[in-house]
Peer 1: 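Would you mind keeping the following structure in view while I ask a few things?
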Amino acid sequence: MKILYITALPLETNNSSQIRNIGLIKGFIENGCAVTVLCPGAEHATNKIYADSFPKELENVEIIRLTKKNMITTYLSENRQRSLFSYLLKYLRKLYSRFSIFKAAGLLIDQTNKLNLDLSNFDVLFSSSDPKASHKMAEIIKKKTNLKWIQYWGDPLLADITDTTLLPDIFKKYIESKLMKKSDNIFYVSPLTSDNQKLLYPKYRNKIYHLPPPYIKEKFYKINQSAKYTLGYFGSYYSRVRNIIPLIDTVKNNDNLKLIIAGNTDLNMEEMVYSNIKIHQRINRERV
């Protein structure tokens, strides 16, 4: 089976979405599938703190790179001086993101439309989010072919608690429903999300499933006989969407627990010093 796999993030991005993608693509290959990945180039990471090395597990995978640069993003990357015009462009870009479902990744949609790709070489179209622009890119390709289209979602669109756009829910639901309608199967990382989506979109419930995040490398751990455990939290934990303080409060008062936290946050974690809790900034995949 030949799969065209679409992600709107560079494979070099260090976040949970790409860790899922790496594991899933690796699993496809190990099961005899040929995979071609359509994604932006490494230089187009939305934030340098998320940049990582190319995953060694995918060294033999065919990659088709897109660019999401336009006049504004090119100017901002090449002109870092604090000019009034530069500040104005940054403000306009932030304003644009408040009224755009697909945000900066949406620039890839136009590039996908211009892509000259022989789709007769593939059996399945597979789009993976986040970002949600991955599915919009796949929708454009789907218009040109009758390939089976499978969607794999992390966060949903309408029910995403991290969404900061000012768009009305009725519009977001329309966009999400339109994407779901054109797909053959829809998978969600969380069983709670999967169940909720069936309630929000009952007419698509028969093609909605739960698929847990895949692992990249199988690892077995011995049973812990000491009753002492080390917990890990890896990923961003901005206070607007995730409250990590109860976890810290629980562990700091328990001698049988240790906790390692690594990720981006808006909290002042330098003030939190405990003997059984280690706090790091974002770390690379290998260290995770």
Side-chain angles (χ1 to χ4, degrees), residues 1-13 15-46 54-69 101-157 175-176 178-189 204 207-209 211 213-214 216:
M1 181 179 291
K2 297 179 180 179
I3 301 171
L4 179 59
Y5 195 107
I6 298 176
T7 169
L9 280 180
L11 287 172
E12 294 82 359
T13 305
N15 68 1
S16 59
S17 294
Q18 287 306 63
I19 290 176
R20 281 194 283 110
N21 287 333
I22 294 167
L24 202 53
I25 294 169
K26 183 172 178 283
F28 283 145
I29 294 170
E30 290 175 351
N31 281 279
C33 299
V35 182
T36 297
V37 179
L38 178 64
C39 68
E43 68 275 16
H44 303 310
T46 54
F54 185 85
K56 60 184 179 182
E57 296 87 358
L58 306 184
E59 287 178 349
N60 297 321
V61 173
E62 182 181 358
I63 312 292
I64 300 174
R65 299 282 194 174
L66 294 173
T67 177
K68 61 178 179 180
K69 282 191 174 182
I101 286 179
F102 304 111
K103 297 185 170 30
L107 297 172
L108 293 167
I109 296 170
D110 183 55
Q111 296 296 321
T112 305
N113 204 27
K114 298 175 182 177
L115 188 65
N116 186 15
L117 185 63
D118 185 2
L119 298 171
S120 64
N121 292 326
F122 301 101
D123 302 301
V124 173
L125 178 63
F126 191 101
S127 55
S128 174
S129 60
D130 293 289
K132 300 171 183 68
S134 306
H135 304 304
K136 189 65 178 176
M137 292 162 63
E139 182 188 32
I140 291 172
I141 293 176
K142 177 66 176 176
K143 292 177 181 177
K144 305 175 183 178
T145 178
N146 60 355
L147 289 176
K148 182 183 181 70
W149 180 15
I150 299 174
Q151 297 176 2
Y152 187 35
W153 293 73
D155 295 319
L157 200 159
I175 296 297
E176 187 170 35
K178 186 180 175 184
L179 289 171
M180 296 171 74
K181 180 181 180 180
K182 297 179 180 179
S183 68
D184 293 282
N185 297 109
I186 309 164
F187 293 90
Y188 294 94
V189 172
Y204 304 136
K207 59 180 178 180
I208 294 176
Y209 304 91
L211 181 67
I216 295 178

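Just the heavy atoms: all of them, side chains too, but no hydrogens, waters or symmetry mates, feed the values below. One is the number of the first residue; the rest follow in order along the sequence.
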Peer 1: Measuring from Leu211:CG to Ile186:CD1, what's the distance to the nearest 0.5 Å?
Peer 2: 13.5 Å

Peer 1: What I want to find out is whether Glu139 reaches Lys142 closely enough, with some N-O distance under 4.0 Å, to be called a salt bridge.
Peer 2: no

Peer 1: Compare all side-chain heavy atoms of Lys2 with those of Val124 and state whether any distance is below 4.5 angstrom.
Peer 2: no

Peer 1: Which pair of non-hydrogen atoms, one from Glu176 and one from Leu157, has the smallest distance, and what is that distance?
Peer 2: OE2-N, 2.9 Å

Peer 1: Does atom NZ of Lys182 have more than 12 heavy-atom neighbours from other groups under 6.0 Å away?
Peer 2: yes

Peer 1: Taking only residues two or more places apart in sequence, or in another chain, which ones meet Ile29 in a side chain to side chain contact (heavy atoms under 4.5 Å, CB included)?
Peer 2: Ile25, Val35, Val61

Peer 1: Are Glu12 and Arg65 ion-paired here, with the side-chain N under 4.0 Å from a carboxylate O?
Peer 2: yes

Peer 1: Not counting sequence neighbours, which residues clear side chain to side chain contact (heavy atoms under 4.5 Å, CB included) with Tyr209? List them please.
Peer 2: Asn185, Phe187

Peer 1: Could you check if a side-chain atom of Ser17 sits within less than 4.5 angstrom of a side-chain atom of Thr7, using non-hydrogen atoms only?
Peer 2: no

Peer 1: Could you give me the CA-CA distance, side-chain angles and deciding distance for Leu11 and Gln18, then say whether side-chain contact (heavy atoms from CB on, under 4.5 Å) is met?
Peer 2: CA-CA 6 Å; Leu11 287 172; Gln18 287 306 63; 3.7 Å; yes

Peer 1: Just by distance, do the side chain of Thr145 and the backbone of Leu147 share a donor-acceptor pair under 3.5 Å?
Peer 2: yes

Peer 1: Between the side chains of Ser120 and Asp118, is a donor N or O closer than 3.5 angstrom to an acceptor N or O?
Peer 2: yes

Peer 1: Are Thr112 and Leu66 side-chain neighbours, meaning at least one heavy-atom pair lies under 4.5 Å?
Peer 2: yes

Peer 1: If you round to the nearest 0.5 Å, how far is CD of Gln151 from OG of Ser183?
Peer 2: 4.0 Å

Peer 1: So Thr36 and Ile3, do their side chains get closer than 4.5 Å, heavy atoms only?
Peer 2: no

Peer 1: Without swapping roles, check the side chain of Ser134 against the backbone of Ala8 for a donor-acceptor pair under 3.5 Å.
Peer 2: yes

Peer 1: To the nearest 0.5 Å, how far apart are CD1 in Ile19 and OG1 in Thr13?
Peer 2: 11.0 Å

Peer 1: Does any part of the side chain of Tyr152, heavy atoms only, come nearer than 4.5 Å to the side chain of Arg20, both counted from C-beta?
Peer 2: yes

Peer 1: Heavy-atom distance under 4.5 Å between the side chains of Val37 and Glu62, does that happen here?
Peer 2: no

Peer 1: Under 6.0 Å from the CG atom of Asn121, do we count more than 12 heavy atoms belonging to anything else shown?
Peer 2: yes

Peer 1: Check the pair Tyr188 / Ile208 against side-chain contact (heavy atoms from CB on, under 4.5 Å), numbers first and verdict last.
Peer 2: CA-CA 8 Å; Tyr188 294 94; Ile208 294 176; 3.7 Å; yes

Peer 1: Any side-chain heavy-atom pair from Ile141 and Leu38 closer than 4.5 angstrom?
Peer 2: yes

Peer 1: Heavy-atom distance under 4.5 Å between the side chains of Gln111 and Met137, does that happen here?
Peer 2: no

Peer 1: Look at Lys26 together with Glu30 and state whether they make a salt bridge at an N to O cut-off of under 4.0 Å.
Peer 2: yes

Peer 1: Please tabulate, one pair per line, all N/O donor-acceptor pairs under 3.5 Å involving side-chain atoms of residues 125-133, not counting sequence neighbours.
Peer 2:
unit_1 : atom_1 : unit_2 : atom_2 : d
Ser127 : OG     : His135 : ND1    : 2.8
Ser127 : OG     : Trp149 : NE1    : 2.9
Ser128 : OG     : Asn21  : OD1    : 2.6
Ser129 : OG     : His135 : NE2    : 2.8
Asp130 : OD1    : Lys132 : NZ     : 3.2
Asp130 : OD2    : Asp155 : N      : 3.3
Lys132 : NZ     : Asp160 : OD2    : 2.9

Peer 1: May I have the step-by-step check of side-chain contact (heavy atoms from CB on, under 4.5 Å) for Leu117 and Leu4, ending in yes or no?
Peer 2: CA-CA 11 Å; Leu117 185 63; Leu4 179 59; 3.8 Å; yes

Peer 1: Quick one: closest heavy-atom pair of Ile22 and Glu57, and the distance?
Peer 2: CG2-OE1, 3.9 Å

